[in-house]
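Below is one structure, written out as C-alpha cells, with a few remarks after it.
Because the structure is predicted, anything quoted here is derived from the model rather than measured. Lettering follows sequence order; numbering is per chain, from 1.
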There are 2 protein chains.
Amino acid sequence: MPVTIYDVAREAGVSMATVSRVVNGNPNVKPATRKKVLDVIEKLGYRPNAVARGLASKRTTTVGVVIPDISSPLFAELARGIDDIANMYKYNIILGDSDQNVEKEISLINTLLEKQVDGMVFMGGAITPEHTRTFTTSSVPIVLAGTRDPEGKLPSVNIDHFQGAYDATTRLINGGHQKVAMITGPLENPLRGRERYEGYLQALKDAGITPREEWIRSGEFRYESGLELAQYFLDLDEDLRPTAIFAGSDALGIGAIHAVQDRGLSVPDDIEVMGFDNIRLAEMVRPRLTTVVQPIYDIGAVAMRLLTKLMNGEDVEQDDVVLPHRIEERNSTRPLSSSANK
Amino acid sequence: MPVTIYDVAREAGVSMATVSRVVNGNPNVKPATRKKVLDVIEKLGYRPNAVARGLASKRTTTVGVVIPDISSPLFAELARGIDDIANMYKYNIILGDSDQNVEKEISLINTLLEKQVDGMVFMGGAITPEHTRTFTTSSVPIVLAGTRDPEGKLPSVNIDHFQGAYDATTRLINGGHQKVAMITGPLENPLRGRERYEGYLQALKDAGITPREEWIRSGEFRYESGLELAQYFLDLDEDLRPTAIFAGSDALGIGAIHAVQDRGLSVPDDIEVMGFDNIRLAEMVRPRLTTVVQPIYDIGAVAMRLLTKLMNGEDVEQDDVVLPHRIEERNSTRPLSSSANK
DNA sequence: TTGAAAGCGCTAACAC
DNA sequence: GTGTTAGCGCTTTCAA
C-alpha cells in the first residue's frame, strides 16, 4: 500500500517517466509540470523505492565496508573517515565486523556483493589467496584500507609502516638509548606486525646495535598485552633491561606505560615509551604518549575517495596510495635536546 | 552479463521457480533436482541478486542504524552489539553518522526508509516532534537505543540514568563527602545530560546537602571538557572546593583526574572522581576510574534483538526495556570501609 | 515435486 | 517535453 511512482503519475496526470524525471532532477521537464508533480509527491507522501531503482538502474549508491572490529578506536576512526566521504558522494555504507576471521571476511564480501554494492572498502589483516580469489569474482571495485595486497593488484591506501617503525626506533636511539625493546601484536599481521617489526630491526642494525631476543615480545595489539609484555622487560637483569620501549600500537604503549608506573618507576625518566598509530587515547594518559602519527581518519577518507573514482570509471594515476606519517613528541619520551647530554 | 537465475534454470533444465526453491532452502525439491541445480550454481558461479529479491519479496534483510558518531568509543561499542545480533539473525546494517544533528538525522532516516530497510535502530540525543513525525511515516519498526521518546510511544532500550547518577552521588556522599561537584555535558541532552543531573541533585537533597551553583559545570561529553571544567573547582576557596567530583561521562571523568593530577594533587587522596558509562578507557588510566557501569554492548544487542522480534511481528511484552546498572569500584575513589572512619 | 506467469517499482531507450 | 514500453532478477501464487 505504500504510494508508488505510478500513483503519483496518475494523480498528477502525467506519465511515470515524467515523475521519474522530476525525482531524479532531470532538467527536461517543464517547470509547471515539475511543480505539479512535486505537489502531488508532497501531498501523497511519496517516497521513491531505492530497491526498485537499484534493480532498474544497476546502481545502489551503497558501498560495502568490511572492518575487523568497529569497537576498536583505530577502526572506528577509519570508518568515520569512510562514512564522511561516502556521504559527501551520496553513498551509504553497509558495515560488517569480521574479527579478522578469514571465513567471516569471505562470507561478508559475498553477502555484500549479493546486495549489489557499487564498491567496497576492505580492512583486515593478511590478504590470502582465498581473498584474492573472492575479490576476483567481483565486478565492482574494491579498495584496501590499512592493508596491502601482496601481489599489488588491488588499490590500497596505507602509510609506510616499515619506515614509521624505523623512524620511531631511530628516534629512541638518538635519545641516547642502546637497549631499545619492542612489544608488538601478532607478527603474522603483515603491516602492523611484520613491517613494523622489520623497521625496528633495521633501525637497530643501522645504529650498530645487535638486536636481542629478550627485547622482543609479542602478544596482541591490546592494552592488556602491553601491560603484560612490558613486565617481562622490568624483570630482566640490569645489563639487559631496556631503557626504551617501542610499542607496535598505542594501546600496547599505554599498557607499557602503566606497567612501568605500576612498578613505581617513571616514564620517561626511567624508561621511555614510544607508541604507534596516534589514536585519541594517546593524549588521554599521563604522561601523554609520544607516537608515530598515522593519519587514521584520512586513510579511510582517501580510500573512500579513491573508491568513488573507481566506481565512476575515472582513471586514477596512483592506486597504491602511501600517506605520510610523522612522530608526535609528547611526554613519554624526553625531549631530544636534553637527552642528548645524558 | 552476470549469471542470473534464468541462466541457472536453463542450464539445469528446470524452471526458475525450482532454482529459487533450492537457493532459498525450500524443502519441496527432490534431492536429485536439488543436487543438479546446486552443481550448475557452482559451475556457473551464480550469485543471487539480493536487490531483485528485495523488490520481489519486500524484505531486504538489512536494517538501518543511525548513530551520532561511530568514532566515539561509547557508540562504537553500541554499534558492535547491534551488528553482532544483526548478523546472528542474518541481517546487515547500513550505518550512518548523524553528529546528533537533527537535520542529518531526519535526512538519514528518510534515506534508510527509501532503501527499504526492514527496521531501524536509532541512537541520538533528544527526540523532537520532527523526529516523531518522521518515525510515523515509517512502515517498519524502529527502536531507540540509549534514547527515549518523551511520549513513550517508541520501543527503546536504556538504563535508568537518573538512578545511576543518584547511586553514584550517594556513593560519594557515603564516602564521607559533603562537597560533591558534578561536571556534565549539555543539559539539553535528556538522558545523559538532564536525567543524570537530576539524579545528582536528588541525591544531594536526600542527604541533606544544599546543592551549590559553583559545584556544577557543564560543557561537552568529552575529555577536553573534563580537563577544563575540573580546573574551575580547583581554584575555588578551601571552604567551597569540592572533595569529590561526579562526572557525567567517563571521558569527562578521565579529564577530571588529569586536571587534578596536573595540579600535583592526588586522586583519590585529595579528590575522588566517579565516572559514568564504563567505556574501556576507564580501565586504561591511573588511577583506574570508578564508574557507573552501563552495559553498553548489551544495550545495542538488546535493541537489535527487540527489533528482530518487531520485524517478525512477534508481540513483545515489554518494549521499553531498562537494563540494570551498577557501580564498579576502582581506584579513583577510596574504598568505602576505609573512608568511613575519615 | 515442479512449472507458468504475474508482478515488485523503477529506469532507460525510443518515439512522438 | 512527455509518453510508451521493455525489461532489471527475483518471489510467489496457482495449477498441474
* Asked: Looking at residues at least two apart in the chain, or sitting in another chain, which of them share a ring pair (Phe, Tyr, Trp, His ring centres under 6.0 Å) with B/F135?
  ->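 For B/F135, the residues satisfying ring pair (Phe, Tyr, Trp, His ring centres under 6.0 Å) (neighbours in sequence not counted) are B/F122.
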Applying salt bridge (Lys or Arg N to Asp or Glu O under 4.0 Å), can you list everything that pairs with [X], at least two apart in sequence or on another chain?
X      : value
A/D83  : none
B/D319 : none
A/R47  : none

* Check every strand shown and say whether A/V14 touches a base, only sugar-phosphate, or nothing at a heavy-atom separation below 4.0 Å. =>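 The answer is sugar-phosphate, as A/V14 gets under 4.0 Å only of primed atoms, P, OP1 or OP2.
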* **Touch class at under 4.0 angstrom, heavy-atom based, for A/N28 against every strand present** =>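 Answer is base: heavy atoms of A/N28 come under 4.0 Å of a base.
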Find the distance [X]:[atom1] to [N]:[atom2] and express it as a whole number of Å.
X     : N      : atom1 : atom2 : value
A/R10 : C/dG9  : CZ    : C1'   : 14 Å
A/K58 : D/dG9  : NZ    : P     : 4 Å
A/L55 : C/dT11 : CG    : C1'   : 10 Å
B/N26 : C/dG3  : CG    : C1'   : 14 Å
A/R59 : C/dC10 : CZ    : P     : 17 Å
B/D7  : D/dC8  : CG    : C1'   : 13 Å

* Tell me, which pairs form a ring pair (Phe, Tyr, Trp, His ring centres under 6.0 Å) where one or both residues lie in residues 40-94 of chain B, sequence neighbours left out? ->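 Checked against ring pair (Phe, Tyr, Trp, His ring centres under 6.0 Å) - neighbours excluded - no pair reaches residues 40-94 of chain B.
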* To do: Among residues two or more places apart or on two chains, list those pairs meeting ring pair (Phe, Tyr, Trp, His ring centres under 6.0 Å) that have a residue in residues 94-113 of chain B.
  =>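 Listed once each, the pairs would be none.
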* Asked: What residues form a side-chain hydrogen bond (donor to acceptor under 3.5 Å, both in side chains) with A/K43, not counting sequence neighbours?
  ->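 A/K43: side-chain hydrogen bond (donor to acceptor under 3.5 Å, both in side chains) contacts with A/E11.
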* **Non-neighbouring partners of B/R10 that pass side chain to side chain contact (heavy atoms under 4.5 Å, CB included), sequence neighbours left out** =>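 With neighbours one apart ignored, the set is B/Y6, B/D7.
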* side-chain contact (heavy atoms from CB on, under 4.5 Å) assessment of A/V143 paired with A/L310 -> CA-CA 9 Å; A/V143 358; A/L310 263 12; 4.1 Å; yes
* If you find the nucleotide of DNA chain C closest to A/V51 and the one closest to B/S15, which residue's nucleotide is nearer the 5' end? ->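 So the residue in question is B/S15.
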* Of the residues in residues 31-45 of chain A, which ones touch DNA chain D at a heavy-atom distance under 4.0 Å? ->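 DNA chain D contact set from residues 31-45 of chain A: A/T33.
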* Tell me, which pairs form a side-chain hydrogen bond (donor to acceptor under 3.5 Å, both in side chains) where one or both residues lie in residues 141-152 of chain B, sequence neighbours left out? ->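 Listed by first then second residue: B/R148-B/E195.
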* To do: Could you tell me, to 10°, how much the axis swings from one end of the helix from C/dT1-D/dA16 to C/dC16-D/dG1 to the other, five pairs per end?
  =>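 Axis angle across the helix from C/dT1-D/dA16 to C/dC16-D/dG1, nearest 10°: 30°.
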* To do: At under 4.0 Å between heavy atoms, which parts of nucleotides 11-16 of chain D does protein reach? Answer with one letter per nucleotide, 5' to 3': B base, S sugar-phosphate only, - none.
  => BB----
